[in-house]
Amino acid sequence: MTKGIRVNGDLFTIMISERRIKARVKELARQISKDCTGTVPVFIGILNGSFIFFADLIREITVDCEIDFLKLSSYGDAKISSGNVQLLKGLNCQVEGRDIVIVEDIVDSGLSMDYIRNLIMRQNPRSFRIVTLLYKKDSVKTGIHVDYVGFSIPRDFVIGYGLDYAQRERNLKAIYRLKRAAEASNKSKREEQSP
Ligand code: PRP
């Protein structure tokens, strides 16, 4: 198994292996399926980062369900925070009266999730839940409640399994952390470079 990789000269070491991700995804799906028994929830994936987690999770869900996607731009391609979350793709499903499960790859500052929550709650769902594979407990700035967390992680810059490094490396099967301490957080790295 590859323990470390180099991307643009930076060394990344493995943080969460493919085996651990698979096992945790199954556990999350089991719990969510149990909590959604008797309903037909709508799973909403947040593009782009959640696409691999979403695909793996949904195949382990054992209740009838629907899917949809939202695409947001909070930071864009540049590593500079705009401070604004913009909606690039809205929903096609009806939210009112439905049981909604938001599927995220990572909650970092929590700003994207705050935006999503406000967007969905305005449409009167019957229930609203959030599942995220990764949760940066020391970075979250909002009071957002996350119902299901795959892994609680420190403020490392992480890539793989959907998470990008300047849009690349999303196809890595495991999650890797940047070893260099100067770039310790995905978002703080971006914010440091803000004008
Ligand atoms: C990432 C990630 C989350 C968001 C979390 O998306 O997929 O949606 O950032 O960060 P926050 O908690 O600080 O708001 P990004 O904007 O990088 O786009 P991507 O999903 O296309 O990579």
Side-chain angles (χ1 to χ4, degrees), residues 5 7-8 10 12 15-16 21 24-25 28 42-58 67-91 100-122 128-178 183-195:
I5 53 167
V7 182
N8 293 340
D10 292 327
F12 286 81
M15 176 187 257
I16 308 170
I21 295 171
R24 189 70 186 117
V25 167
L28 290 170
V42 187
F43 288 84
I44 299 176
I46 312 302
L47 299 172
N48 293 328
S50 76
F51 76 111
I52 294 178
F53 175 47
F54 188 95
D56 284 350
L57 183 79
I58 205 79
I67 66 157
D68 204 344
F69 295 94
L70 275 174
K71 186 170 168 68
L72 304 181
S73 168
S74 50
Y75 296 86
D77 283 352
K79 296 186 180 68
I80 297 172
S81 171
S82 65
N84 295 316
V85 180
Q86 289 179 346
L87 188 62
L88 299 182
K89 182 215 167 289
L91 294 173
I100 303 296
V101 184
I102 301 293
V103 182
E104 257 291 24
D105 52 320
I106 186 166
V107 173
D108 193 322
S109 68
L111 292 174
S112 301
M113 199 50 83
D114 237 20
Y115 177 93
I116 293 162
R117 187 175 197 284
N118 289 335
L119 181 80
I120 299 291
M121 294 313 283
R122 280 202 298 271
F128 178 82
R129 292 185 175 94
I130 298 169
V131 53
T132 184
L133 181 69
L134 304 176
Y135 181 81
K136 281 196 182 174
K137 57 186 187 310
D138 300 326
S139 299
V140 176
K141 296 173 185 161
T142 65
I144 195 80
H145 172 73
V146 179
D147 301 88
Y148 311 96
V149 173
F151 301 94
S152 193
I153 62 168
R155 302 180 66 165
D156 289 314
F157 180 77
V158 287
I159 60 169
Y161 197 71
L163 289 107
D164 71 307
Y165 184 10
Q167 299 305 325
R168 297 190 185 178
E169 313 304 331
R170 293 191 196 270
N171 53 322
L172 293 169
K173 290 182 180 173
I175 292 168
Y176 293 79
R177 69 154 66 95
L178 180 63
E183 298 181 59
S185 165
N186 292 50
K187 299 305 185 203
S188 63
K189 179 182 167 194
R190 294 163 180 179
E191 286 160 5
E192 277 161 16
Q193 296 175 26
S194 299

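The basis for the numbers below is simple: all heavy atoms, side chains too, and nothing from hydrogens, waters or symmetry mates. Ligands are counted one by one from 1 in listed order, and the atoms in each one are counted from 1 as well.
Atom CD1 of I46 is separated from atom CG of L70 by 4.5 Å, given to the nearest 0.5 angstrom.
Residue contact check for ligand 1: R170 places a non-hydrogen atom closer than 4.0 Å to it.
Heavy atoms from both the backbone and the side chain of I106 come within less than 4.0 Å of ligand 1. Counting heavy atoms under 4.0 Å from ligand 1, residue Q86 does not touch it at all. For E104, every heavy-atom contact with ligand 1 shorter than 4.0 Å involves the side chain, none the backbone. Contacts between D108 and ligand 1 below 4.0 angstrom, taking non-hydrogen atoms only, involve backbone and side chain alike.
Annotation: G110 places an N or O atom under 3.5 Å from an N or O atom of ligand 1; distance criterion only. For ligand 1, the polar-atom distance check against G49 finds a nitrogen or oxygen pair separated by under 3.5 Å.
Between the side chain of R129 and the main chain of Y148, no donor-acceptor pair closer than 3.5 Å is present.
The aromatic ring centroids of F54 and F69 lie less than 6.0 Å from each other.
Interface atoms of ligand 1 facing S109, defined by a heavy-atom separation under 4.0 Å, are 11 (P), 12 (O), 13 (O), 14 (O). For ligand 1, the atoms sitting less than 4.0 Å from at least one non-hydrogen atom of D164 are 22 (O), numbered in the order shown with element in parentheses.
Between the side chains of D108 and Y135, no donor-acceptor pair of N or O atoms lies under 3.5 Å. A donor atom on one side chain and an acceptor atom on the other are found under 3.5 Å apart for D56 and Y161.
Contact check on D156 versus R177 returns a salt bridge, with a Lys/Arg side-chain nitrogen under 4.0 Å from an Asp/Glu carboxylate oxygen.
Within the set T132, I144, D105, the minimum heavy-atom distance to atom 2 (C) of ligand 1 is found for D105.
Scanning all heavy atoms of the two residues, the minimum distance from V107 to M113 falls at CG2-CE, 4.2 Å.
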